[in-house]
There are 2 protein chains.
Amino acid sequence: MARTQGSHSDITGPRIREAALALFARHGYAAVSMRQIAAEVGVQAGALYNYTPDKQSLLFRLMYEHMQDLIAAYADQDQTEDAAEALRQFVGFHIRFHLQRPDEVFIAYMELRNLSSDNFAQIEALRRTYENALEAILRKGQAAGAFDIADTKIATLAVIAMLNGVMTWYRAGGRLSLDEVEQAYWDMVHRSVTA
Amino acid sequence: MARTQGSHSDITGPRIREAALALFARHGYAAVSMRQIAAEVGVQAGALYNYTPDKQSLLFRLMYEHMQDLIAAYADQDQTEDAAEALRQFVGFHIRFHLQRPDEVFIAYMELRNLSSDNFAQIEALRRTYENALEAILRKGQAAGAFDIADTKIATLAVIAMLNGVMTWYRAGGRLSLDEVEQAYWDMVHRSVTA
DNA sequence: GTCTATAGGTTGATAGAC
DNA sequence: GTCTATCAACCTATAGAC
């Protein structure tokens with residue numbers, strides 16, 4: 001990772017964020033030093049401060065961009081009018097999007113308490129925006145008679161919690177294919193909101 | 001929290017663990033110093049080492065005792081032969097036990113990566129023991145025709161993930177009573193494993 | 001059993017040379 | 001834009017007095 005001295009502004013920034021992402025995910029924000037991040041990139045610790053005002057901002061940016069990407073990617077999907085079909089889409093989208101970004105997902109859930117209160121509020125607002133997309137589907141299906149849900153707020157959180165569980169055990173090349181996993185979760189989610 | 005000098009061996013140990021539990025849960029293991037724990041108890045940092053060989057052992061003991069308590073408490077319950085009833089019991093037990101110990105639960109999930117590999121293996125074994133209790137219920141119900149489950153391993157993890165979601169939002173005195181929450185989750189869990 | 005004191009290192013962040 | 005050097009603060013853990 002040794003670097004010759006010189007200017008690399010256009011690539012150093014992204015490399016710092018990549019290194020911080022991987023290290024924060026593996027060891028936790030509080031356990032990772034700026035020197036470790038710098039060593040991974042191949043610069044000295046002082047150089048990091050050309051790209052981030054402080055360590056906290058580095059963490060916040062990683063989480064903020066992840067949540068923005070999540071919301072934008074979901075909004076980009078074709079939206080259907082049928083509630084059951086929309087729920088199926090949501091399940092598939094959620095599983096696939098999150099499995100593609102394990103480090104970002106891990107950080108977004110585990111490092112919330114290391115955000116300053118202002119930064120925390122911003123991330124929380126984005127998370128709620130995403131949850132609201134699911135709740136809207138459940139409400140619509142409930143109104144249309146497609147679902148039978150006692151409490152859509154609880155159901156929203158329960159479905160997301162169930163789906164997030166995939167991240168803790170799924171590994172590519174394991175016993176089940178991604179399609180099979182998606183199908184199994186869709187079955188369970190669908191049943192859980194249907195009489 | 002000031003203390004006069006003297007001997008307090010019988011109460012200092014538990015107070016250290018209580019303080020460590022609360023601080024680890026709030027700020028994270030890596031972000032909490034031995035001095036902070038000592039200050040909370042009202043002793044100097046050096047005195048902590050009369051009760052724990054090091055910081056890592058303090059974390060491990062908290063997690064280990066929590067997992068032992070969980071398994072023992074579940075084993076103490078009356079066990080029924082009926083799979084659906086056993087699942088209902090499991091759901092109620094899991095929600096109530098975990099809601100009574102939010103700090104322990106939080107640490108047991110969030111601080112796994114801060115355990116040494118030996119300690120991690122021990123905690124993982126206990127976690128799997130608990131999961132196996134649920135999987136046994138699902139397998140039995142599947143064999144008896146009470147449940148319709150595509151993959152009991154996935155279903156086990158999905159049910160536990162869904163139930164763990166309660167911890168992230170439930171607060172006593174909120175919109176729903178504990179009984180209502182338990183009922184809502186039982187409905188969803190039961191449906192998710194039934195045709 | 002708790003105290004004070006300290007060893008030996010690490011931390012986040014900054015200043016100034018190049 | 002990166003380097004070297006540095007500051008002041010903090011860390012875990014230990015030693016020895018009481």
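Just so it is clear, the values below take in all heavy atoms, side chains as well, and ignore hydrogens, waters and symmetry mates. Throughout, protein chains are lettered first and strands after them, A, B, ... in sequence-line order, and every chain is numbered starting at 1.
Counting to the nearest Å, the P atom of D:dC3 and the OH atom of A:Tyr51 are 10 Å from each other. Summarising the geometry, the separation between CG on B:Leu48 and P on C:dG1 is reported as 14 Å, rounded to the nearest angstrom. With rounding to whole Å, A:Arg15 atom CZ is found 16 Å from D:dG1 atom P. A straight line from CG of B:Asn50 to P of D:dC18 spans 18 Å, rounded to a whole angstrom. Computed from coordinates, the B:Ile11 CD1 to C:dG1 P distance equals 12 Å when rounded to whole Å. Atom P of nucleotide C:dT4 and atom CD of B:Gln44 are separated by 5 Å, given to the nearest angstrom. Atom pair B:Leu58:CG and D:dA13:P shows a separation of 10 Å (rounding to whole Å applied).
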Footprint string (nucleotides 5-10 of chain C, 5' to 3'): B base within contact, S backbone only, - free, heavy atoms under 4.0 Å
-B----
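Side chains of B:Tyr130 and B:His94: a donor-acceptor N/O pair is present below 3.5 angstrom, by distance only.
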Which donor-acceptor pairs under 3.5 Å do the side chains of residues 66-77 of chain A make with protein atoms, sequence neighbours left out?
from	atom 1	to	atom 2	distance (Å)
A:Gln68	NE2	A:Tyr64	OH	2.8

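Contact annotation: A:Thr12 reaches the phosphate of D:dT2 (side-chain N/O to OP1 or OP2, under 4.0 Å).
Each of B:Ala45 and A:Asp54 lies near DNA chain C, and the nucleotide nearest B:Ala45 is the one positioned closer to the 5' end.
A rotation axis mapping the C1' atoms of four pairs onto the next four is fitted at both ends of the helix from C:dG1-D:dC18 to C:dC18-D:dG1 over five pairs, and the angle between these axes is 0° to 10 degrees.
In this structure, of D:dT14, C:dT2, C:dT11, it is D:dT14 that holds the atom nearest to the side chain of B:Tyr49.
Between A:Arg15 and A:Glu18 there is no salt bridge, since none of the side-chain N atoms of the basic residue sits less than 4.0 Å from a carboxylate O of the acidic one.
Shown here are the side chain to side chain donor-acceptor pair (under 3.5 Å) partners of B:Asp148, two or more places apart in sequence or in another chain: A:Arg191. Legend: residues meeting side chain to side chain donor-acceptor pair (under 3.5 Å) with A:Tyr29, ordered by chain and number and at least two apart, are absent. With sequence neighbours excluded, no residue forms a side chain to side chain donor-acceptor pair (under 3.5 Å) with A:Glu85. By the salt bridge (Lys or Arg N to Asp or Glu O under 4.0 Å) test, A:Arg171 pairs with no residue at all, sequence neighbours left out. Remark: B:Asp187 pairs with no residue by the salt bridge (Lys or Arg N to Asp or Glu O under 4.0 Å) rule, at least two apart or across chains. For A:Asp179, the salt bridge (Lys or Arg N to Asp or Glu O under 4.0 Å) test picks out A:Arg96, with sequence neighbours left out.
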